[in-house]
Amino acid sequence: MRGRMVRRRRIGSLLALVVLLAAAPMLLAGRAEAAERLRAVATFSILGDLVRQVGGERVEVASLVGPDADAHGYSPAPGDGRLLARADIVFVNGLGFEGWLDRLIRASGARAPVIVAARGVETIAARHDHAGEHGHAHSADAEADPHAWQSIANAKVYVANIRDGLAKADPAHAEDFSRNAAAYLAKLDALDGEVRAAIAAIPPEHRRVITTHDAFGYFGAAYGLRFIAPQGVANDSEASPRSVARIIRQIRQEQVPAVFLETIADPRLMEQIARESGARIGGRLYSDALSGPSGPAPTYLDMIRSNLREFSAALGRG
C-alpha cells in the first residue's frame with residue numbers, strides 16, 4: 001500500500017513538472033512582452049489619456065501632472081525627473097503650456113525623443129486680461145492659446161502626432177498604433193456630432209459662458225459658444241479689478257444666465273462674480289485636467305461629455 005502511494009505521489013509530481021514546463025514559455029513570453037512595452041511619459045492627464053488610447057497594450061503611460069491638478073503652475077517633484085530619465089518617449093502639449101518642462105528635462109538627463117502633440121494645429125491668439133472673445137487664427141508662438149485640445153478637430157491632430165511618434169519609436173508595432181488611432185478617431189468623429197447637436201439645442205441668446213480662465217476658446221470657436229473669463233490663459237494669473245468689474249457689467253447688460261467653476265480653480269472669484277451680477281452658478285467644468293477614475297471625466301471623451309452636460313443644463317433653459 002505504501003509503495004502504491006509513493007508511486008502516485010511521484011506521478012503527480014511529474015505531471016505538475018510537465019505542466020510547469022509547458023507553461024514556462026508562455027510565462028516568459030508574457031514577461032518579455034511586458035518588459036518590451038514602450039515607456040511613455042505625458043506632461044498632463046488629458047494628453048496621457050490620448051497617448052494611452054493610441055498606444056494600447058504596447059505602451060506604458062505615466063503623466064507628470066495627474067488628474068484634478070493644474071499644469072500651468074506645476075512644481076515638478078523629484079520622481080518626475082526619474083520618470084523622464086527612464087522614458088522611451090515623451091509627449092508634450094507645446095504652445096508654451098509647460099513652461100517648467102525644459103528645465104526638468106535638462107535636470108533629469110533624459111534622452112528620449114520629445115513629441116509635441118499640438119504640432120500642426122490651427123491656433124488662436126491668447127488674451128491675458130480681457131472680457132471678450134478669443135481671437136482668430138494665430139501663428140504657433142508664445143502668444144498662442146495652448147488649450148488646443150478643447151477642439152475635437154485639434155484632438156484629432158494630437159492623435160495623429162501621437163501615432164506617428166509611437167510608430168517611429170517602436171516600428172515593429174506601427175500597425176497596432178495605426179489601428180488604435182483609426183478606431184479612436186472614429187470615436188472623436190462621433191463625439192463631434194454629439195457636441196454639435198447639443199449646442200444646437202441651446203437658445204442662441206444663451207450661448208454665452210463665464211469661466212474662471214481662458215481654457216475654452218477653441219471649444220467656443222469650433223461650436224459657437226462665446227466664452228468670457230476674468231483671468232488669462234494661465235490659471236495662476238490674477239484677474240484685475242477692472243476686468244472683474246467689466247465682466248459683472250457685461251453679465252448684467254447681456255443677461256448671461258450662468259457662470260461656471262473649473263475643477264482646478266479657486267471658486268471664490270466666480271462666486272463673487274455670480275453674487276454681484278445676479279447670475280447663477282452652473283456646474284463644474286474640466287479644462288486642463290481629467291478627473292480621477294471615480295469622477296465624471298476620467299478620459300478625454302468623458303471630459304467633453306461632462307462639460308457638454310453642464311452647458312446644456314445651465315444654458316438650455318428657456
Side-chain angles (χ1 to χ4, degrees), residues 25-66 71 80-95 97-98 101-102 104-105 108-123 140 146-193 218 290 293 298-304:
M26 296 175 62
L27 292 172
L28 291 173
R31 289 177 182 173
E33 185 175 349
E36 290 172 1
R37 292 174 71 195
L38 205 65
R39 291 171 296 192
V41 172
T43 48
F44 65 116
S45 59
I46 295 171
L47 183 55
D49 177 62
L50 297 180
V51 175
R52 198 169 289 110
Q53 299 300 328
V54 178
E57 296 180 353
R58 299 295 183 184
V59 180
E60 177 185 332
V61 184
S63 298
L64 297 179
V65 185
D80 295 336
R82 292 191 290 271
L83 271 177
L84 287 173
R86 294 197 302 266
D88 298 311
I89 188 169
V90 177
F91 290 94
V92 306
N93 183 76
L95 303 179
F97 184 63
E98 305 99 337
L101 183 65
D102 288 345
L104 176 61
I105 289 178
S108 71
R111 295 291 182 266
V114 176
I115 307 300
V116 179
R119 182 178 59 84
V121 303
E122 185 176 351
T123 63
H147 304 88
W149 62 84
Q150 288 291 348
S151 158
I152 295 174
N154 284 343
K156 293 169 69 174
V157 176
Y158 280 46
V159 168
N161 287 331
I162 291 167
R163 175 200 61 207
D164 295 346
L166 291 175
K168 188 173 181 179
D170 185 5
H173 296 118
E175 290 186 9
D176 294 320
F177 304 139
S178 181
R179 185 166 49 249
N180 292 343
Y184 191 65
L185 288 171
K187 293 180 180 180
L188 290 175
D189 284 336
L191 180 63
D192 183 74
Y218 289 94
L290 300 176
T299 69
Y300 178 81
L301 299 179
D302 293 328
M303 179 191 76
I304 296 294

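Along the sequence shown, residues are numbered consecutively beginning with 1. Hydrogens, waters and symmetry mates are skipped; everything else that's a heavy atom, side chains included, is used.
Between the side chain of Ser151 and the backbone N or O of Tyr218, no donor-acceptor pair lies under 3.5 Å. Glu98 places no side-chain N or O within 3.5 Å of a backbone atom of Ala71 that could act as its donor or acceptor partner. Distance alone, capped at 3.5 Å, places no donor-acceptor pair between the Asn154 side chain and the Val121 backbone. Of the possible donor and acceptor atoms, one in the side chain of Ser108 sits under 3.5 Å from a partner among the backbone N and O of Ile105. Arg58 places no side-chain N or O within donor-acceptor distance of the main-chain N or O of Arg37, the cut-off being under 3.5 Å.
Atom CD1 of Ile46 and atom CD of Gln150 lie 6.5 Å apart (nearest 0.5 Å). Atom-to-atom distance recorded for Leu185:CG and Arg163:CZ is 7.0 Å, nearest 0.5 angstrom. The CG atom of Leu191 sits 6.0 Å away from the CD1 atom of Ile304 when rounded to the nearest 0.5 Å. The distance from the CG atom of Asp170 to the CG atom of Leu166 is 8.0 Å, given to the nearest 0.5 Å. Taking CD of Glu57 as the start and CZ of Arg52 as the end, the distance is 13.5 Å to the nearest 0.5 Å.
Smallest separation of non-hydrogen atoms from Leu290 and Pro298: CD1-O, 3.3 Å. Closest heavy-atom contact between Ser63 and Gly48: OG-CA, 3.6 Å. Taking each heavy atom of Leu84 and Ala110 in turn, the nearest pair found is O-CB, 3.4 Å. Considering all non-hydrogen atoms of both residues, Gly94 and Pro146 come closest at O-CB, 4.2 Å. Contact between Ala181 and Val159 at its shortest, heavy atoms only, is CB-CG1, 3.9 Å. Counting all heavy atoms, side chain and backbone alike, Ile89 lies closest to Gly165 at CD1-O, 3.4 Å.
With sequence neighbours excluded, no residue forms a ring-ring contact (aromatic ring centres under 6.0 Å, His included) with Tyr158. Taking the side-chain hydrogen bond (donor to acceptor under 3.5 Å, both in side chains) definition, one finds that Asn161 meets it with Arg119, sequence neighbours left out.
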Derivation and outcome, side chain to side chain contact (heavy atoms under 4.5 Å, CB included), residues Leu50 and Val54: CA-CA 6 Å; Leu50 297 180; Val54 178; 5.8 Å; no
Working for side chain to side chain contact (heavy atoms under 4.5 Å, CB included), residues Leu104 and Leu64: CA-CA 11 Å; Leu104 176 61; Leu64 297 179; 4.1 Å; yes
Audit row: Asp88, Val59, side chain to side chain contact (heavy atoms under 4.5 Å, CB included) steps and yes/no: CA-CA 10 Å; Asp88 298 311; Val59 180; over 6 Å; no
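Sequence neighbours left out, the pairs with a member in residues 147-162 that pass salt bridge (Lys or Arg N to Asp or Glu O under 4.0 Å) are Lys156-Asp189.
Residues Asp164 and Lys168 form no side-chain contact, since every pair of their non-hydrogen atoms from C-beta on lies 4.5 Å or further apart. Side-chain contact between Arg179 and His173 is absent, with no heavy-atom pair separated by less than 4.5 Å.
Between Phe44 and Trp149, the angle of the ring planes lies from 30° to 60°, which puts this pair in the tilted group.
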